[in-house]
Amino acid sequence: APAPLALPSTSPTAGSGTAGPTTGAGDPAGSGTADGTWKDGGDSVVGYRIDETIFGQSNVAVGRTQSITGSLTIANSEVTTATFTVDMTTVRSDEARRDDQFDGRIMDVATYPTSTFDLTQPIDLGTIPADGSTRTYHATGKLTLHGVTKTVTFTVQARRSGQTFEVAGQIPVTFADYQIGNPSFGPVSTQDHGILEFRLDFTKE
């Protein structure tokens with residue numbers, strides 16, 4: 001299985017301030033110039049990660065998509081709004097049979113073609129991170145999967161890289177909470193929970 005989604009590794013000098021002054025979203029002084037709307041830059045990835053057993057052998061099932069739309073707004077060193085939509089019909093793994101089960105009886109993408117997340121509490125960024133630096137924050141919002149909406153709180157890592165923001169994290173999902181049937185089928189058995197993982201890249205409008 002591919003490695004969990006995470007922020008890309010950086011060089012030893014990232015965030016050290018040795019690159020010299022920049023302007024706009026890359027201001028290393030953290031002067032608040034990050035205020036404004038940041039849209040998905042096109043390189044974002046969202047997916048699932050589930051432990052499964054096939055004929056007694058342990059495996060990790062991973063499915064992903066880059067069909068994501070959304071944006072966030074920063075004002076006065078706070079993320080005030082954030083909304084994202086994922087096209088569930090495009091989630092794919094390395095197994096066509098698994099994808100058929102996912103699209104049909106598990107997630108019923110014909111009935112529920114999208115999943116969404118809406119931030120419900122502002123995220124206090126403190127001092128806007130310097131270019132190249134990584135910070136950890138907590139986010140709370142409404143996650144909608146399979147037509148069911150739940151409040152979730154999770155940890156995210158965020159990094160400024162020039163004119164972009166990169167964000168990565170994981171949200172634990174118990175299938176029954178979202179009325180999702182047990183993914184087990186045939187010789188495959190899975191746990192009753194999994195991970196929604198994401199890496200989001202934003203550019204400033």
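Sequential numbering from 1 along the given sequence is applied to the chain's residues.
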Novice: Would Thr89 and Asp103 count as a side-chain contact (heavy atoms from CB on, under 4.5 Å) here? Give the steps.
Specialist: CA-CA 7 Å; Thr89 69; Asp103 290 346; 5.9 Å; no

Novice: Return yes if some donor-acceptor pair links the side-chain N/O of Thr174 with the main-chain N/O of Ala176 below 3.5 Å, else return no.
Specialist: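 Not at all, since once roles are kept as given, no pair shorter than 3.5 Å links the two residues.
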
Novice: Atom OH of Tyr178 and atom CG of Leu196: how far apart are they, to the nearest 0.5 Å?
Specialist: 8.5 Å

Novice: Atom CZ in Arg159, atom OG1 in Thr164: separation rounded to 0.5 Å?
Specialist: 9.5 Å

Novice: Is Val45 linked to Phe165 within one hydrophobic cluster, defined over Ile, Leu, Val, Met, Phe, Trp and Tyr using a side-chain heavy-atom separation of less than 4.5 Å?
Specialist: no

Novice: Report the C-alpha separation of Ile68 and Phe198 in whole Å, then their side-chain angles, then the decisive distance to 0.1 Å, and conclude whether the side-chain contact (heavy atoms from CB on, under 4.5 Å) test is met.
Specialist: CA-CA 11 Å; Ile68 306 154; Phe198 59 89; over 6 Å; no

Novice: Got Arg49 and Val60 here, is their nearest side-chain heavy-atom distance under 4.5 Å?
Specialist: yes

Novice: Which pairs pass ring pair (Phe, Tyr, Trp, His ring centres under 6.0 Å) with one or both residues in residues 56-103, sequence neighbours excluded?
Specialist: Tyr48-Phe102, Phe84-Phe202

Novice: Would you indicate whether the side-chain heavy atoms of Ser44 and Arg199 approach each other to under 4.5 Å?
Specialist: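 A side-chain contact under 4.5 Å is absent here.
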
Novice: Quick one: CD on Glu52 to CD on Gln57, what's the gap to the nearest 0.5 Å?
Specialist: 12.0 Å

Novice: State, yes or no, whether a side-chain contact exists between Glu197 and Val62 at a heavy-atom distance under 4.5 Å.
Specialist: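 A side-chain contact under 4.5 Å exists here.
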
Novice: Can you tell me if Arg98 uses its side chain to pair, donor with acceptor, with the backbone of Arg92 under 3.5 Å?
Specialist: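 Between the backbone of Arg92 and the side chain of Arg98 there is no qualifying donor-acceptor contact (under 3.5 Å).
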
Novice: Does Arg135 reach the main-chain N or O of Val156 with its side chain, forming a donor-acceptor pair under 3.5 Å?
Specialist: no

Novice: Do Asn76 and Glu78 pass the side-chain contact (heavy atoms from CB on, under 4.5 Å) test, and can you show the C-alpha distance, the side-chain angles, and the key distance before you say yes or no?
Specialist: CA-CA 6 Å; Asn76 299 319; Glu78 283 190 338; 5.8 Å; no

Novice: Should Leu72 and Phe154 be regarded as members of a common hydrophobic cluster, given that ILVMFWY residues are connected when their side-chain heavy atoms come within less than 4.5 Å of each other, either directly or indirectly?
Specialist: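 Yes; tracing contacts between hydrophobic side chains, which count when under 4.5 Å, links both residues.
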
Novice: Can you see which heavy atom on Ala139 is nearest to which on Ile123, and at what distance?
Specialist: CB-CD1, 3.8 Å

Novice: To the nearest 0.5 Å, what is the distance between CG on Asp40 and CG on Asp201?
Specialist: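 One gets 7.5 Å once the value is rounded to the nearest 0.5 Å.
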
Novice: Distance only, no hydrogens: is a donor on one side chain within 3.5 Å (strictly under) of an acceptor on the other, for Ser93 and Asp99?
Specialist: yes

Novice: If you link I, L, V, M, F, W and Y whenever their side-chain heavy atoms are under 4.5 Å apart, who else ends up in the same group as Leu7?
Specialist: none

Novice: For the residue pair Thr81 and Thr73, confirm or rule out a side-chain donor-acceptor distance under 3.5 Å.
Specialist: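 Side chains of Thr81 and Thr73: pair found under 3.5 Å.
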
Novice: Quick check: do Val86 and Phe117 have side-chain heavy atoms less than 4.5 Å from each other?
Specialist: no

Novice: Side-chain contact, heavy-atom cut-off 4.5 Å: Thr140 with Thr151?
Specialist: yes

Novice: Atom OG1 in Thr149, atom CG in Leu143: separation rounded to 0.5 Å?
Specialist: 8.0 Å

Novice: Give the minimum heavy-atom separation between Ser77 and Gly126, together with the two atoms involved.
Specialist: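 Scanning both residues, the minimum pair turns out to be CB-O, 3.2 Å.
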
Novice: Measure the shortest side-chain to side-chain distance between Thr190 and Ser184 over non-hydrogen atoms and say whether it is less than 4.5 angstrom.
Specialist: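 Yes, their side chains come closer than 4.5 Å.
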
Novice: Is there a continuous path of hydrophobic side-chain contacts, each under 4.5 Å between heavy atoms, that joins Ile171 to Leu5?
Specialist: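 In one cluster with Ile171: Leu5, no.
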
Novice: For Gly63 and Val91, which heavy atoms make the closest approach, and how far apart are they?
Specialist: C-CG1, 3.8 Å

Novice: Examine Leu119 and Val46 and state if one hydrophobic cluster contains both, with Ile, Leu, Val, Met, Phe, Trp and Tyr joined whenever side-chain heavy atoms are less than 4.5 Å apart.
Specialist: yes

Novice: What closest approach, in Å, do Thr37 and Ser71 show between heavy atoms, and which atom pair accounts for it?
Specialist: CG2-CB, 4.1 Å

Novice: With distance as the sole test, does Thr120 use its side chain to make a donor-acceptor pair with the main-chain N or O of Lys142 at under 3.5 Å?
Specialist: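 Looks like no, no N/O pair under 3.5 Å.
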
Novice: Could you walk me through whether Val148 and Asp177 pass the side-chain contact (heavy atoms from CB on, under 4.5 Å) test, one step at a time?
Specialist: CA-CA 8 Å; Val148 177; Asp177 290 347; over 6 Å; no

Novice: Taking the side chain as everything from C-beta on, heavy atoms only, tell me whether Val188 gets closer than 4.5 Å to Thr53.
Specialist: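 Contact flag for Val188/Thr53 side chains = no.
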
Novice: For residues Pro2 and Arg64, determine if any side-chain heavy atom of one lies less than 4.5 Å from a side-chain heavy atom of the other.
Specialist: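 Yes, at least one pair of side-chain atoms sits under 4.5 Å.
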
Novice: Regarding Thr83 and Asp118, do their side chains bring together a donor and an acceptor under 3.5 Å, going by distance alone?
Specialist: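 Yes, because at least one side-chain N or O of Thr83 sits under 3.5 Å from a partner of the opposite role on Asp118.
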
Novice: Are His146 and Tyr112 an aromatic pair by the rule of ring centers under 6.0 Å?
Specialist: yes

Novice: If you count the non-hydrogen atoms of other residues, nucleotides and ligands that lie under 6.0 Å from CZ in Arg105, is the total more than 12?
Specialist: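 Correct, the count exceeds 12.
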
Novice: For Tyr137, check ring pair (Phe, Tyr, Trp, His ring centres under 6.0 Å) against everything at least two apart and list the hits.
Specialist: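 Not a single residue meets the ring pair (Phe, Tyr, Trp, His ring centres under 6.0 Å) criterion with Tyr137.
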
Novice: Are Phe175 and Ile195 linked, directly or through other ILVMFWY residues, by side chains that come within less than 4.5 angstrom of each other?
Specialist: no

Novice: Find the distance between CE (Met107) and CG (Leu145) and round it off to the nearest 0.5 Å.
Specialist: 5.5 Å

